[in-house]
There are 2 protein chains.
Amino acid sequence: MRQPNGVNLYVYIVVFCLRQIRLEVLLAAGDNPTQGQQWVLPGQLFDPTLSLENLAQQEMQRCAGIQQAYLEQLYTYSDLEPTSKPHSISVVYFSLVPADHDPTASSHPAFGGWFPVDRRPIMAEDYENILAYALRRLRYKLEYTAVGFELLPDTFTLSELQHTYEIVLGEKLDKRNFRRRILAASIIEPTASLRSGEGRPARLYRYRPDAVAEVKTRRLFP
Amino acid sequence: MRQPNGVNLYVYIVVFCLRQIRLEVLLAAGDNPTQGQQWVLPGQLFDPTLSLENLAQQEMQRCAGIQQAYLEQLYTYSDLEPTSKPHSISVVYFSLVPADHDPTASSHPAFGGWFPVDRRPIMAEDYENILAYALRRLRYKLEYTAVGFELLPDTFTLSELQHTYEIVLGEKLDKRNFRRRILAASIIEPTASLRSGEGRPARLYRYRPDAVAEVKTRRLFP
DNA sequence: CCAAAAGTGTTCTATGTACACCCATGC
DNA sequence: GCATGGGTGTACATAGAACACTTTTGG
């Protein structure tokens with residue numbers, strides 16, 4: 001499957017999803033028969049009839065039955081396999097899937113599986129580096145954009161939102177401060193409904209798509 | 001010069017430099033003979049014997065005689081020329097050159113020219129979009145990293161540093177606040193020397209390469 | 001009535017912002 | 001001695017961090 005002009009061009013995806021109290025990542029079954037089961041990032045050879053972004057979407061459909069989700073470009077790596085000429089170029093995309101996505105809805109479950117990021121199988125070093133970078137990017141973006149809502153269903157409670165942040169950032173947040181600030185930012189609005197569970201029912205909120213999602217950055221200098 | 005497998009892969013660079021009181025960008029003479037002089041972003045077809053980053057460096061050498069400078073990946077575009085099949089993929093790099101770089105040191109001056117970003121020739125829409133994105137990235141990064149020092153010579157006065165920020169960000173900064181904060185951050189250190197000019201000589205400072213360059217981000221939520 | 005999660009304000013500290021004058025040099 | 005840019009501190013406003021109890025429901 002080598003492309004003819006001395007370079008293999010690939011498109012890869014790193015897809016994150018929140019399930020229960022864990023952040024999970026989508027991996028694909030590698031096709032290296034010598035080493036038993038090997039997991040890799042989902043990806044495919046570039047197809048010049050599609051755009052890069054469409055190829056990433058197609059790969060999400062193929063591996064996890066995901067029709068649409070938040071998708072952004074992560075990075076383009078050259079020489080992921082430095083030992084092998086001709087060298088390869090990999091355009092990697094980064095995606096977030098809402099927590100209510102049904103993980104069994106994969107069109108071809110054999111192509112992919114979800115793993116908690118802190119209990120995932122170890123992959124080849126290149127893939128590990130990409131995943132580590134994707135995680136860093138997720139944490140950064142969570143801090144200064146509203147990207148966290150991409151991991152939640154359309155409506156959610158304030159506690160669910162807070163837990164999302166705590167899981168991804170890996171630290172506990174103060175409930176009162178969290179609520180005060182997110183309400184002050186007015187990027188969410190209450191719905192009419194409540195969610196019942198253990199304890200007192202909680203108000204459901206929804207993200208306001210017209211919200212200004214970026215926080216003003218704190219400058220290194222005034 | 002079309003690559004054989006249905007996709008043309010290019011590497012482009014967006015290079016910024018500070019000259020006098022202006023931010024300048026490096027452009028290349030386009031080779032479209034029908035439209036008179038046309039300026040484009042410097043770039044070349046991908047060469048599979050080099051890495052993407054090395055190709056970007058080679059292009060900087062070729063267009064402006066720049067041996068080494070700050071270089072990071074900006075974005076990978078597909079379909080820069082949507083009307084023409086086979087479509088093209090362009091990996092774009094972003095570079096900053098110190099102000100003391102000699103603009104006449106280009107090995108082949110005919111290949112490139114420096115233009116003030118606010119008085120540059122209009123380019124094709126794709127290039128304009130890339131340049132606009134590069135400028136946005138420069139401003140963002142200036143605010144939360146120490147990337148501004150890449151635009152300055154090894155030693156500089158505090159006023160020069162402040163002017164760098166003012167030029168790139170496009171706004172005036174308060175001298176006392178600027179100095180207090182940058183010194184408190186201890187990412188620069190005074191040298192023994194002074195620079196004389198009009199008025200009182202100014203202390204020269206240098207960037208501390210061991211400095212922690214990232215400011216902690218201001219969070220959207222606590 | 002008890003367990004479990006939801007909801008709610010105040011105080012203190014740190015950070016950011018606004019602002020005006022004296023200093024050292026060259027001409 | 002004057003024009004030019006270099007250098008310095010304080011007061012006020014805003015934002016962030018720490019902290020504990022009451023409310024509502026289901027079992």
Side-chain angles (χ1 to χ4, degrees), chain A residues 18 20-21 99 142-144 152-153 155-167 169-206 212 214-222, chain B residues 18 20-21 99 142-144 152-153 155-167 169-206 212 214-222:
Chain A
L18 223 55
Q20 325 284 19
I21 53 154
L142 205 68
E143 291 192 332
Y144 68 92
L152 285 168
T155 62
F156 46 84
T157 68
L158 290 182
S159 293
E160 287 167 350
L161 181 58
Q162 183 177 345
H163 290 145
T164 300
Y165 276 78
E166 290 176 339
I167 291 163
L169 299 178
E171 61 181 290
K172 284 252 167 267
L173 302 175
D174 180 89
K175 183 160 66 161
R176 280 170 293 188
N177 291 339
F178 184 84
R179 285 166 188 242
R180 181 169 354 97
R181 264 183 78 175
I182 194 153
L183 292 174
S186 66
I187 62 177
I188 60 174
E189 58 190 11
T191 69
S193 34
L194 302 173
R195 169 168 304 164
S196 295
E198 282 188 297
R200 173 174 170 179
R203 172 72 53 191
L204 285 170
Y205 289 79
R206 79 164 65 87
V212 185
E214 297 253 335
V215 77
K216 70 169 184 283
T217 63
R218 183 204 296 272
R219 288 188 179 174
L220 196 44
F221 315 119
Chain B
L18 222 56
Q20 324 286 18
I21 52 154
L142 204 68
E143 291 192 334
Y144 68 93
L152 286 167
T155 62
F156 46 83
T157 68
L158 292 181
S159 293
E160 287 167 350
L161 181 59
Q162 183 177 345
H163 289 145
T164 300
Y165 277 78
E166 290 176 340
I167 292 163
L169 299 178
E171 60 182 291
K172 284 254 168 264
L173 303 174
D174 182 89
K175 183 160 66 162
R176 279 171 292 188
N177 292 339
F178 184 84
R179 285 166 189 241
R180 180 168 356 97
R181 266 183 78 174
I182 195 153
L183 293 174
S186 66
I187 62 176
I188 59 174
E189 58 190 10
T191 69
S193 32
L194 302 173
R195 170 169 302 163
S196 295
E198 282 188 299
R200 173 174 169 180
R203 173 72 54 190
L204 285 169
Y205 290 79
R206 80 165 64 87
V212 186
E214 297 254 334
V215 77
K216 72 169 183 282
T217 63
R218 183 204 297 272
R219 286 188 179 173
L220 196 43
F221 315 120

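Within every chain, numbering begins at 1; the chains are lettered A, B, ... in the order of the sequence lines, protein sequences first and strands thereafter. Just so it is clear, the values below take in all heavy atoms, side chains as well, and ignore hydrogens, waters and symmetry mates.
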Indicate whether any N or O donor in one side chain lies under 3.5 Å from an N or O acceptor in the other, for B:Thr157 and B:Ser159.
-> no

Whole angstroms only, please: what is the [atom1]-[atom2] distance between [X] and [N]?
X	N	atom1	atom2	value
A:Arg181	C:dG9	CZ	P	19 Å
A:Asp174	C:dG7	CG	P	15 Å
B:Gln162	D:dT8	CD	P	14 Å
B:Lys172	C:dT17	NZ	P	17 Å
A:Ile182	C:dG7	CD1	P	13 Å
A:Phe178	D:dA17	CZ	P	14 Å
B:Leu173	C:dA18	CG	P	11 Å

Using the side-chain contact (heavy atoms from CB on, under 4.5 Å) rule, take A:Tyr165 and A:Leu173 through it: C-alpha gap first, then chi angles, then the decisive distance, then the call.
-> CA-CA 8 Å; A:Tyr165 276 78; A:Leu173 302 175; 3.7 Å; yes

Do B:Arg180 side-chain and C:dT15 base share a donor-acceptor contact under 3.5 Å?
->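 A donor-acceptor contact between them is absent.
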
Would you name the heavy atoms of B:Lys175 and B:Gln162 that are closest together and state the gap between them?
-> CA-OE1, 3.6 Å

Do you know which two heavy atoms are closest between A:Asn177 and A:Asp174, and how far apart they sit?
->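 Closest pair (atom of A:Asn177, atom of A:Asp174, distance): N-OD2, 2.9 Å.
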
Which ones in residues 188-196 of chain A lie close to DNA chain C, meaning a heavy atom under 4.0 Å from one of its atoms?
->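 Listed by number, there are none.
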
From [atom1] ([X]) to [atom2] ([Y]), nearest 0.5 Å:
X	Y	atom1	atom2	result
B:Ile167	B:Leu18	CD1	CG	4.5 Å
A:Thr164	A:Leu142	OG1	CG	8.5 Å
B:Lys172	B:His163	NZ	NE2	6.0 Å

Does B:Thr191 offer a backbone N or O that forms a donor-acceptor pair with the side chain of B:Arg203 under 3.5 Å?
-> yes

A:Gln20 atom CD, over 12 foreign heavy atoms within 6.0 Å =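 No, because the 6.0 Å sphere around CD of A:Gln20 holds 12 heavy atoms or fewer from other groups.
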
Strictly under 3.5 Å: I want the nitrogen or oxygen pairs between protein and nucleotides 2-6 of chain D, one per line.
from	atom 1	to	atom 2	distance (Å)
D:dT4	O2	B:Gly199	N	3.4
D:dG5	OP1	B:Glu198	OE1	3.2
D:dG6	OP1	B:Ser159	OG	3.0
D:dG6	OP2	B:Ser159	OG	2.9
D:dG6	N7	B:Lys175	NZ	3.4

Any B:Arg176 side-chain nitrogen or oxygen under 4.0 Å from OP1 or OP2 of C:dC19 = no

